[in-house]
Each structure stands twice: as structure tokens, then as C-alpha cells.
Colleague: 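I am attaching a structure below and will ask some questions about it afterwards.
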Amino acid sequence: MCCKLMEIDVLEKPRAVWCPHCDQKRGCTIYEQRPEPCRIFYCGYRKVPHLDERWKPSKAKFLVNYESRNSRIVIHVDPARAGAWRQEPYLSTIRQWAKNAVRENGLVIVWTGDHAIAVLPDREKDLGRIRDDQILVPTLKQTPQGPAYDITVSDA
């Protein structure tokens, strides 16, 4: 699924489109010469010990990635199964990640192609289509009911 869902700039491969070097039955046809982004990517399914076989991207129809540079847990969803992440056991785990993420100034973002949804501790926020020249800005406001977390889209 990473060969479909991830954007790979050096290959000019957009999100949610199969890589032209991917044989869906055999895998990467340029494996020995694959570019750096492909070499360093390691799927969250393989990195996070508590994610069982149900989280395998070919079964779940999405993949989990942690972007340490942005302190983001990113879920890339197959557009053909856009709602897959909202099923259990996924949704309750993703919501817990969102609660944990805000305590660490992080985010949980669900991408379906160039469409983003922020998963916040108390809700989901549809951010719509995000352009390459836009950034996601987390905010925190103190309210009488306690802290209120939000995310806005801004031009870079």
C-alpha cells in the first residue's frame, strides 16, 4: 500500500496513485535502485508493537506513518476504501493517539489523496483539500470547559 498511498517527490508520484515501478503481485521492480524516501520508509504496522495483523496495510486499506519532523501520526487511506479507518479496532485506537498527541504538541491527520481530516481529542475536523503550499497549524485555546484544540489550514 505504501507504493500506492505515499507521495514520492523524486519519482513525481502523487498520493493515492500506484507507483509505476510497483508490480502489485511481486513488489518493487526497482528495489535495489529505489530512491531514498522508499529506502527509509518503515511502515507503522511494522514499527508499533501493539498493531496486530488487522493493521497490515493490505488488510486495513490504510497505512500508518509517524512524521517525527512534524510530530504527526499520519494515516494514509486508500481512496477506494476511504472509510476504512473509521472501523474498529482502528477508530478507537486512532482517537486515543489523538488524545496522546496533543499532550506532546503533535497531530493525528488522516489523508485520503490530498484531502485531510484532523483527528482531535474530542472530534474530527474535515480540513478539505490541502495544497502543497499550505500548512496545518494546531491551536490551543483555554475555555471555561477546559482546553480546546483546533487545527487550521494556512498558506505557508
Side-chain angles (χ1 to χ4, degrees), residues 1-11 13-17 19 34-156:
M1 292 302 293
C2 59
C3 296
K4 178 180 183 183
L5 301 179
M6 304 291 289
E7 177 180 22
I8 308 295
D9 290 337
V10 296
L11 295 175
K13 189 204 99 46
R15 284 187 184 116
V17 175
C19 177
R34 70 195 185 281
E36 184 71 12
C38 299
R39 288 181 183 277
I40 64 172
F41 177 75
Y42 202 69
C43 183
Y45 160 71
R46 295 186 179 268
K47 287 169 77 171
V48 181
H50 71 271
L51 299 184
D52 61 28
E53 281 293 311
R54 295 173 292 184
W55 290 80
K56 187 175 184 178
S58 60
K59 184 176 276 193
K61 302 304 178 194
F62 60 83
L63 65 86
V64 176
N65 187 26
Y66 180 70
E67 296 177 353
S68 57
R69 182 185 78 216
N70 298 315
S71 296
R72 289 183 191 165
I73 297 173
V74 182
I75 299 151
H76 295 275
V77 182
D78 184 347
R81 305 275 178 84
W85 66 279
R86 286 193 164 108
Q87 306 302 312
E88 289 300 341
Y90 315 121
L91 185 58
S92 57
T93 301
I94 292 166
R95 286 183 174 155
Q96 186 60 51
W97 290 344
K99 289 176 186 172
N100 295 342
V102 296
R103 286 194 290 267
E104 299 171 16
N105 296 319
L107 301 171
V108 176
I109 304 293
V110 177
W111 287 98
T112 304
D114 60 359
H115 188 105
I117 296 173
V119 182
L120 300 166
D122 60 340
R123 69 190 188 287
E124 296 166 15
K125 182 175 182 180
D126 190 332
L127 302 172
R129 296 199 181 284
I130 308 295
R131 299 186 320 262
D132 289 340
D133 64 338
Q134 292 179 309
I135 57 173
L136 304 179
V137 181
T139 59
L140 170 63
K141 293 180 185 174
Q142 293 299 331
T143 70
Q145 295 79 28
Y149 298 93
D150 200 5
I151 295 180
T152 58
V153 178
S154 179
D155 291 337

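All values derive from a computational prediction rather than experimental measurement. When a residue number appears, it is its place in the shown sequence, counting from 1.
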Colleague: Determine whether L127 and L136 make a side-chain contact, defined as any pair of heavy atoms from C-beta on separated by less than 4.5 Å.
Modeller: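 Side chain of L127 against side chain of L136, heavy atoms only: contact under 4.5 Å found.
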Colleague: Could you report the tightest heavy-atom contact between S71 and Y66, atom names first, then the distance?
Modeller: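 That closest heavy-atom pairing would be CA-OH, 3.7 Å.
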Colleague: Measuring only between side-chain heavy atoms, which start at C-beta, is Q142 closer than 4.5 Å to P147?
Modeller: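 The answer is yes, as the side chains (C-beta and beyond) meet within the 4.5 Å cut-off.
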Colleague: To the nearest 0.5 Å, tell me how far L5 CG sits from C19 SG.
Modeller: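 The SG atom of C19 is 12.0 Å from CG of L5, to the nearest 0.5 Å.
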Colleague: Less than 3.5 Å apart, which donor and acceptor atoms pair up between the side chains of residues 110-122 and the rest of the protein, not counting sequence neighbours?
Modeller:
| residue | atom | partner | partner atom | Å |
| --- | --- | --- | --- | --- |
| D114 | OD1 | R129 | NH1 | 2.4 |
| H115 | NE2 | D126 | OD1 | 2.8 |
| H115 | NE2 | D126 | OD2 | 3.3 |

Colleague: How about V64 and P57: do any of their side-chain heavy atoms sit closer than 4.5 Å?
Modeller: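 No, every pair of side-chain atoms sits at 4.5 Å or beyond.
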Colleague: Check whether any side-chain N or O of K61 sits under 3.5 Å from a backbone N or O of A82 as a donor-acceptor pair, and report yes or no.
Modeller: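 Judged by distance alone, no pair lies under 3.5 Å.
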Colleague: Going by heavy atoms in the side chains, are D78 and M1 under 4.5 Å from each other?
Modeller: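 Yes; the side chains approach each other to less than 4.5 Å.
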Colleague: Tell me if the CZ atom of R86 is crowded by more than 12 foreign heavy atoms within 6.0 Å.
Modeller: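 Check passes, neighbour count above 12.
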Colleague: What pair of heavy atoms forms the shortest contact from R54 to A60, and how long is it?
Modeller: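 That closest heavy-atom pairing would be O-CB, 3.5 Å.
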Colleague: Looking at K141 and D150, is there a salt bridge between them, counting it only when a charged N and a carboxylate O are closer than 4.0 Å?
Modeller: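 A salt bridge is absent here (no side-chain N lies under 4.0 Å from a carboxylate O).
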Colleague: Are there more than 12 heavy atoms of other residues, nucleotides or ligands under 6.0 Å from atom NZ of K56?
Modeller: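 Check fails, neighbour count at 12 or below.
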Colleague: If you draw a 6.0 Å radius around CZ in R81, do more than 12 non-hydrogen atoms from other residues or ligands fall strictly inside?
Modeller: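 Not buried by this count: 12 neighbours or fewer within 6.0 Å.
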Colleague: Calculate, to the nearest 0.5 Å, the distance between atoms CG and CD1 belonging to L140 and I151 respectively.
Modeller: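 So the gap between those two atoms works out to 12.0 Å.
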Colleague: How about H76 and K4: do any of their side-chain heavy atoms sit closer than 4.5 Å?
Modeller: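 The answer is no, as the side chains (C-beta and beyond) never meet within the 4.5 Å cut-off.
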Colleague: What pairs with W55 under ring pair (Phe, Tyr, Trp, His ring centres under 6.0 Å), at least two apart in sequence or on another chain?
Modeller: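 With sequence neighbours excluded, W55 shows a ring pair (Phe, Tyr, Trp, His ring centres under 6.0 Å) to F62, Y90, W97, given in chain and number order.
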Colleague: Are the side chains of I8 and P37 in touch, meaning some heavy atoms are under 4.5 Å apart?
Modeller: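 Yes - at least one pair of side-chain heavy atoms lies under 4.5 Å apart.
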Colleague: Can you name the nearest heavy-atom pair linking K59 to E53, along with the distance?
Modeller: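 Looks like CD-O, 3.6 Å.
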Colleague: Which atom pair, heavy atoms only, marks the closest approach of W85 to I94?
Modeller: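 Scanning both residues completely, I find the closest heavy atoms to be O-CD1, 3.9 Å.
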Colleague: Look at the side chain of S92 and the backbone N and O of E88, then say whether any donor-acceptor pair between them is shorter than 3.5 Å.
Modeller: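 A pair under 3.5 Å: no.
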Colleague: How many angstroms lie between SG in C3 and CZ in F41, if you round to the nearest 0.5 Å?
Modeller: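 Atom-to-atom, C3:SG and F41:CZ are 9.5 Å apart.
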Colleague: Given side chains that start at C-beta, do those of M6 and L63 come closer than 4.5 Å, heavy atoms only?
Modeller: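 Yes - at least one pair of side-chain heavy atoms lies under 4.5 Å apart.
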Colleague: If we only count heavy atoms from C-beta on, is the V153 to R131 side-chain gap below 4.5 Å?
Modeller: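 When only atoms from C-beta onward are counted, R131 and V153 do not touch, as no gap falls below 4.5 Å.
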Colleague: Tell me every residue that passes side chain to side chain donor-acceptor pair (under 3.5 Å) with Q87, counting only those two or more places apart in sequence or in another chain.
Modeller: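 Partners of Q87 under the side chain to side chain donor-acceptor pair (under 3.5 Å) test: none.
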Colleague: Can you tell me how far the CD1 atom of I109 sits from the CD1 atom of I130, to the nearest 0.5 Å?
Modeller: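 Spacing of CD1 (I109) from CD1 (I130) equals 8.0 Å.
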